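Here is the structure we will look at, set down as structure tokens.
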Amino acid sequence: MGHLAIWILACVLSAKAQYAAGIGVAGEFALHSASFRTLSPSIPNCCPGFRSEAGWGWGIVATYDGLRLAPRLRLLAEGGYSHRQTSFRQVEQTTVSTTDGTGVPGVIEHELYTRLEAITLAALLGYNPFEQLHQLQFRVGVQLSRVLRSSFSQRERLVEPPYGYFTDTGRRVRNEFSGTIPNLAPGLVSIGLGARYLLPLVPHQHLALQPALMGWLGLSRLVSGVAWRAHSITLSVSFVFAPLDLPSPLQPGTPQ
């Protein structure tokens with residue numbers, strides 16, 4: 001253990017003035033892998049089963065690329081806030097009874113809208129594959145998320161035929177419920193892979209834009225007992241202070 005502590009201290013000391021820290025915004029394309037009928041047994045829903053859906057989100061990210069482990073390998077940390085919303089829709093073909101007792105083809109649309117707000121914390125390993133191109137870095141790591149707020153709303157709507165109603169409500173809509181998503185997991189775990197690139201803004205001032213692309217694979221179920229996992233592709237742009245050996249924005253390829 002003593003040798004390991006000395007090695008880590010040496011890495012920190014050798015990484016003096018070799019970091020990138022900043023804050024930015026992110027856009028998310030979320031893909032939800034799901035196979036469930038209802039969010040909870042206490043929430044009635046006649047849907048034959050919600051399936052995978054795509055959604056969108058946005059976030060705020062803080063990044064720190066600060067510990068040099070090897071000449072091209074670094075330890076990074078990122079944290080932030082994420083806001084996602086997704087609409088699940090499932091169409092059910094059915095038969096609707098008429099007043100004279102005959103049946104006609106019908107269509108019921110099941111809708112479930114969800115919203116999740118979470119804080120995230122990620123630990124990443126960054127690898128620079130090209131010695132003369134410090135701006136490019138490939139990343140792999142793990143992310144922990146904690147949901148701060150959640151909500152859902154659902155309903156079932158009789159789409160076809162254009163007449164008729166549900167006998168239990170006397171309307172063309174039933175099973176309308178909304179509120180906080182029940183039985184949310186206390187923490188979510190994802191693994192990710194991606195890359196970032198530093199774009200210097202001002203010569204000799206170490207200011208740069210950092211676009212980064214990450215793909216995250218969700219390992220945890222969002223709701224206990226419900227087959228629902230969330231994955232995402234995140235594109236972020238951060239404004240960072242980076243005292244690294246970066247090329248001049250006026251002379252690409254030439255160190256500052």
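Heavy atoms only: backbone and side chains are in, while hydrogens, waters and symmetry mates are out. All figures in this text were calculated on a predicted structure; none of them were measured in a lab. Residue numbers start at 1 and run along the sequence shown.
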Would you please test Tyr113 and Gln85 for side-chain hydrogen bond (donor to acceptor under 3.5 Å, both in side chains) and show each step?
CA-CA 7 Å; Tyr113 172 81; Gln85 54 189 34; 3.0 Å; yes
Do Trp228 and Phe177 share a hydrophobic cluster, counting only Ile, Leu, Val, Met, Phe, Trp and Tyr and linking them when any side-chain heavy atoms are less than 4.5 Å apart?
yes
For atom CZ of Phe29, is the number of surrounding heavy atoms from other residues, nucleotides or ligands below 6.0 Å larger than 12?
yes
Which pair of heavy atoms, one from Leu125 and one from Leu69, lies closest together, and at what distance?
CD2-CD1, 3.7 Å
Keeping the roles fixed (side chain from Arg139, backbone from Leu193), state whether a donor-acceptor pair exists under 3.5 Å.
no
With distance as the sole test, does Asn183 use its side chain to make a donor-acceptor pair with the main-chain N or O of Ser40 at under 3.5 Å?
no
For His110 against Glu92, the heavy-atom pair lying closest together:
NE2-OE1, 2.7 Å
Under 4.0 Å between a side-chain nitrogen and a carboxylate oxygen: does that hold for Glu176 and Arg155?
no
Establish whether Leu222 and Leu219 are linked, either directly or via other cluster members, by ILVMFWY side-chain heavy-atom contacts under 4.5 Å.
no
Minimum heavy-atom distance Gly218-Arg229, with the two atoms named
O-CD, 3.7 Å
Looking at Gln90 and Glu111, would you say the former's side chain and the latter's main chain have a donor-acceptor pair under 3.5 Å?
no
Ignoring hydrogens and angles, state whether a donor on the side chain of Asn45 or Gln154 is under 3.5 Å from an acceptor on the partner side chain.
yes
Would you check if the distance from the ring center of Phe36 to the ring center of Phe50 is below 6.0 Å?
yes
Derivation and outcome, side-chain hydrogen bond (donor to acceptor under 3.5 Å, both in side chains), residues Arg84 and Ser232
CA-CA 10 Å; Arg84 295 178 181 175; Ser232 68; 3.2 Å; yes
Would you confirm whether Ser236, through its side chain, and Val25, through its main-chain N or O, come within 3.5 Å as a donor-acceptor pair?
no
Decide side-chain hydrogen bond (donor to acceptor under 3.5 Å, both in side chains) for Ser52 and His32; before the verdict, give the C-alpha distance in whole Å, the side-chain angles of both, and the deciding distance to 0.1 Å.
CA-CA 5 Å; Ser52 299; His32 296 261; over 6 Å; no
Considering all heavy atoms of both residues, which atom of Pro105 and which atom of Pro161 are nearest to each other, and what is their separation?
O-CD, 3.9 Å
Thr63 versus Glu78, side-chain donor and acceptor atoms under 3.5 Å
yes
Can you see whether Asp65 engages Gln137 through a side-chain donor-acceptor pair at a distance of less than 3.5 angstrom?
yes
At their closest point, which heavy atom of Ser35 faces which heavy atom of Arg51, and how far apart are they?
OG-NH1, 3.7 Å
Would you call Arg89 and Glu53 a salt bridge, using N to O less than 4.0 angstrom?
no
Counting only N and O atoms by type, is there a donor-acceptor contact under 3.5 Å from the side chain of Ser220 to the main-chain atoms of Val189?
yes
Under 3.5 Å, side chain of Arg115 to main-chain N/O of Ser150, donor-acceptor pair present?
no
We want to know whether Tyr81 and Glu117 form a side-chain donor-acceptor pair, criterion being a heavy-atom distance below 3.5 angstrom.
yes
Which atom pairs, donor and acceptor, lie under 3.5 Å between side-chain atoms of residues 141-148 and protein residues at least two apart or in another chain?
residue : atom : partner : partner atom : Å
Arg146  : NH1  : Pro186  : O            : 2.6

Between Ser238 and Arg196, do the side chains contain a donor N or O and an acceptor N or O under 3.5 Å apart?
no
Common cluster, Leu201/Leu199, ILVMFWY with side-chain heavy-atom separation under 4.5 Å
yes
With distance as the sole test, does Arg172 use its side chain to make a donor-acceptor pair with the main-chain N or O of Leu158 at under 3.5 Å?
yes
Contact summary for Val223 and Pro182, nearest pair of heavy atoms:
CG1-O, 3.3 Å
